[in-house]
Amino acid sequence: VNNNVKSIEIPSHQTKIYKNMFYYYNGHQLETIHIPTTIKTIEKNAFYVCKKLTSIEYEGEINGNCINKCTRLQTIPMIKSLEPSNFYNCQLLTSIKLNDEITEIPSSCFMRCYRLKEINIPSKCTRIGMFSFKHCVSLTSLFIPFSVKRIEDGAMYGCYQMKKIEIQNEECEIGYDIIGECESIEEIRIGEEAIKEYPYEITYEQMKEIERKGIKSTNVVIRREDVE
């Protein structure tokens with residue numbers, strides 16, 4: 001692949017895309033790629049730092065680690081595995097489909113995906129990592145299935161348009177300030193009920209915000225800047 005190639009169609013006789021293939025061959029101008037169904041293996045970082053890549057057309061599924069630092073992606077196949085910071089700063093990505101076998105959303109995985117509006121949390125997912133959806137400012141709601149046992153600190157921090165969060169598992173361990181700066185929040189459902197009292201650790205600033213929406217807080221963490 002030379003520096004001027006913008007679109008590629010993988011030959012149908014190929015069965016594998018190798019590690020760092022388009023990175024090593026200067027695929028930095030690559031915008032679209034069509035992958036035939038004959039491809040059965042796509043290795044780690046195959047499209048690493050293809051910063052102009054907007055579309056991957058493939059009927060199969062790929063591992064998230066194939067497309068690290070592809071920050072202009074808009075269209076991608078179903079994802080069958082994730083790594084920390086996998087889609088960090090993919091500012092044009094509006095939706096993503098995750099394989100139901102995925103067991104965790106790693107830390108910072110979708111951080112700063114500013115246009116992300118739609119995502120499914122897999123039914124076998126047990127953990128949502130720290131800052132996993134931080135500053136996903138276009139997300140308006142998030143459904144978290146019963147399988148999730150732990151939501152880590154700041155998971156939805158700065159999701160300014162988030163209006164509703166539904167957490168099916170009443171015994172889910174919830175970290176510090178998972179809804180920090182979610183200034184549009186209107187409803188938090190845990191189990192079958194919309195809560196009237198938020199019992200988890202939260203900042204003083206966010207406590208004031210949710211109280212304006214009729215949700216009381218009993219576990220405020222005072223920071224230095226709150227009293228200065």
Side-chain angles (χ1 to χ4, degrees), residues 6 23 27-33 45 47-58 62-99 102 104-122 125 127-145 148 151-167 174-188 202-203 205-206 209-210 213:
K6 293 186 177 181
Y23 176 65
H28 304 303
Q29 299 299 317
L30 190 62
E31 295 178 2
T32 63
I33 185 166
N45 290 337
F47 309 107
Y48 184 68
V49 199
C50 289
K51 291 186 176 180
K52 294 189 177 182
L53 185 65
T54 62
S55 175
I56 300 174
E57 299 174 6
Y58 182 47
I62 63 174
N63 294 315
N65 63 19
C66 298
I67 48 181
N68 285 330
K69 298 189 178 180
C70 297
T71 55
R72 295 184 64 82
L73 276 173
Q74 299 177 46
T75 305
I76 57 176
M78 182 175 284
I79 300 299
K80 62 181 178 180
S81 69
L82 294 169
E83 290 189 347
S85 304
N86 214 154
F87 292 92
Y88 175 80
N89 207 34
C90 286
Q91 297 184 20
L92 303 181
L93 193 65
T94 58
S95 66
I96 188 167
K97 292 183 178 180
L98 303 178
N99 185 292
I102 289 176
E104 68 172 20
I105 309 295
S107 299
S108 304
C109 191
F110 298 101
M111 184 174 173
R112 295 180 67 184
C113 290
Y114 295 139
R115 296 190 185 182
L116 185 65
K117 295 181 178 181
E118 183 180 351
I119 188 168
N120 64 298
I121 306 296
C125 180
R127 168 183 168 262
I128 296 178
M130 182 182 293
F131 300 141
S132 50
F133 296 104
K134 183 177 180 180
H135 290 151
C136 290
V137 297
S138 296
L139 277 178
T140 59
S141 65
L142 195 63
F143 176 80
I144 301 172
V148 175
I151 303 173
E152 296 183 355
D153 298 356
M156 282 79 79
Y157 187 93
C159 293
Y160 304 128
Q161 296 190 62
M162 184 76 75
K163 293 182 178 180
K164 180 179 179 180
I165 298 171
E166 186 171 350
I167 302 169
I174 294 179
Y176 171 65
D177 209 26
I178 67 165
I179 56 169
E181 296 192 12
C182 292
E183 56 191 37
S184 299
I185 200 76
E186 295 176 356
E187 183 179 354
I188 303 169
I202 194 172
T203 63
E205 183 179 52
Q206 189 61 26
E209 186 66 45
I210 65 172
K213 307 294 175 62

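This chain uses plain numbering: 1 for the first residue, then up along the sequence.
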Between Pro106 and Ser132, which heavy-atom pair has the shortest distance, and what is it? O-CB, 3.6 Å
Pairwise distance CD(Glu31) to CD(Gln74) - rounded to 0.5 angstrom: 10.0 Å
Side-chain donor or acceptor of Thr54 paired with backbone N/O of Arg72 under 3.5 Å: no
Considering all heavy atoms, the nearest Met156-Cys182 contact: O-SG, 3.1 Å
Does Glu187, at its CD atom, have more than 12 non-hydrogen atoms belonging to other residues, nucleotides or ligands within less than 6.0 Å? yes
At what distance, to the nearest 0.5 angstrom, does CD1 of Ile96 lie from CE of Met78? 10.0 Å
Partners passing ring-ring contact (aromatic ring centres under 6.0 Å, His included) against Tyr58 (at least two apart in sequence or in another chain): none
Between atom CD of Glu181 and atom CD of Glu209, what is the distance when rounded to the nearest 0.5 Å? 10.0 Å
Nearest 0.5 Å, please: how far is CD1 in Ile119 from OG in Ser95? 9.5 Å
With distance as the sole test, does Thr203 use its side chain to make a donor-acceptor pair with the main-chain N or O of Gln206 at under 3.5 Å? yes
Going by atom type alone, with no hydrogens or angles, which donor-acceptor pairs under 3.5 Å involve a side-chain atom of residues 80-92 and a protein atom two or more places apart or on another chain?
residue : atom : partner : partner atom : Å
Ser81   : OG   : Asn63   : OD1          : 2.8
Glu83   : OE2  : Asn65   : ND2          : 3.3
Asn86   : OD1  : Glu83   : N            : 3.0
Asn86   : ND2  : Gly64   : O            : 2.6
Asn86   : ND2  : Asn68   : OD1          : 2.8
Tyr88   : OH   : Arg112  : NH1          : 3.0
Asn89   : OD1  : Gln91   : NE2          : 2.7

Compare every heavy atom of Gly129 with every heavy atom of Ala155, then report the nearest pair and how far apart it is. CB-O, 3.9 Å
At their closest point, which heavy atom of Pro122 faces which heavy atom of Ile105, and how far apart are they? CD-CD1, 4.4 Å
Determine whether Ile79 and Ile62 satisfy the following criterion, side-chain contact (heavy atoms from CB on, under 4.5 Å), listing intermediate values before the conclusion. CA-CA 5 Å; Ile79 300 299; Ile62 63 174; 3.7 Å; yes
Do Pro77 and Ile56 make a side-chain contact, defined as non-hydrogen atoms from C-beta onward lying under 4.5 Å apart? yes
What one should report as the nearest heavy-atom pair of Met111 and Phe131 is CB-O, 3.8 Å
Between the side chain of Lys213 and the main-chain N/O of Ile185, is any donor-acceptor distance below 3.5 Å? yes
Just by modelled atom types, is the Tyr160 backbone N or O under 3.5 Å from a matching donor or acceptor in the Ser184 side chain? yes
Least distance between heavy atoms, Gly175 atom then Ile178 atom: O-CG2, 3.6 Å
Spatial distance of atom CG (Leu142) from atom CD1 (Ile167) [nearest 0.5 Å]: 8.5 Å
Drop me the distance from Arg127's CZ to Ser107's OG, to the nearest 0.5 angstrom. 4.5 Å
Check for a donor-acceptor pair, side chain of Glu152 on one end and backbone N or O of Met130 on the other, with a separation under 3.5 Å. yes
